[in-house]
**Q** 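First, the structure itself, so that you have it in front of you.
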Amino acid sequence: KLILDPSSRSYLCIAGHFDNSQIANVARKAFPDQASRIPDAEVTSGPEHFKTDSSLVEKELGIKWISFEDSVKDTLGQIFAIEKELKGSS
């Protein structure tokens with residue numbers, strides 16, 4: 001009998017799909033002072049791609065996803081903070 005545990009499995013950890021226009025829209029809203037730097041992105045449906053189901057990851061590994069918006073805000077917030085720090089040290 002084969003017994004699987006999380007250490008012997010591979011997982012695809014993906015909470016959803018998005019495109020560049022969605023990132024740009026969240027970025028402009030979250031960082032209005034940076035909006036002029038964020039290019040317009042054409043809304044596209046993109047090529048059809050594979051479907052994902054992360055329910056196994058959530059169940060077996062206890063993953064709790066943050067929202068797409070929070071992910072964009074957190075990432076760009078860190079990038080803008082590092083940029084500001086580097087400009088100040090020049």
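Basis for what follows: all heavy atoms, side chains included, without hydrogens, waters or symmetry-related copies. Numbers here are sequence positions counted from 1. Keep in mind that this is a model prediction, so the values were computed, not measured.
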**Q** Rounded to the nearest 0.5 Å, what's the gap from CD1 on Ile14 to NZ on Lys51? Could you check?
**A** 12.0 Å

**Q** How close do Ala24 and Ala41 get, counting heavy atoms only, and between which atoms?
**A** CB-CB, 4.4 Å

**Q** Linking I/L/V/M/F/W/Y whenever their side-chain heavy atoms sit closer than 4.5 Å, directly or via other members, would Trp65 and Phe18 fall into one cluster?
**A** no

**Q** Quick one: SG on Cys13 to CD on Glu58, what's the gap to the nearest 0.5 Å?
**A** 9.5 Å

**Q** Among residues at least two apart in sequence or on other chains, which ones pass side-chain hydrogen bond (donor to acceptor under 3.5 Å, both in side chains) with Ser36?
**A** none

**Q** Please list all pairs meeting side chain to side chain donor-acceptor pair (under 3.5 Å) that have one or both residues in residues 25-34, counting only residues at least two apart or in different chains.
**A** Asn25-Arg28, Arg28-Asp40, Gln34-Arg37

**Q** Would you be so kind as to tabulate the donor-acceptor pairs closer than 3.5 Å made by side chains of residues 66-74, with sequence neighbours excluded?
**A**
unit_1 : atom_1 : unit_2 : atom_2 : d
Ser67  : OG     : Asp70  : N      : 3.0
Ser67  : OG     : Asp70  : OD2    : 3.3

**Q** Between Ile23 and Val26, is there a shared hydrophobic cluster once you connect ILVMFWY residues whose side-chain heavy atoms come closer than 4.5 Å?
**A** yes

**Q** Okay, side chain of Gln78, backbone of Thr75: is any donor-acceptor separation there less than 3.5 Å?
**A** no

**Q** Given side chain to side chain contact (heavy atoms under 4.5 Å, CB included), test Glu83 with Leu86 step by step and report yes or no.
**A** CA-CA 5 Å; Glu83 180 183 61; Leu86 291 173; 5.9 Å; no

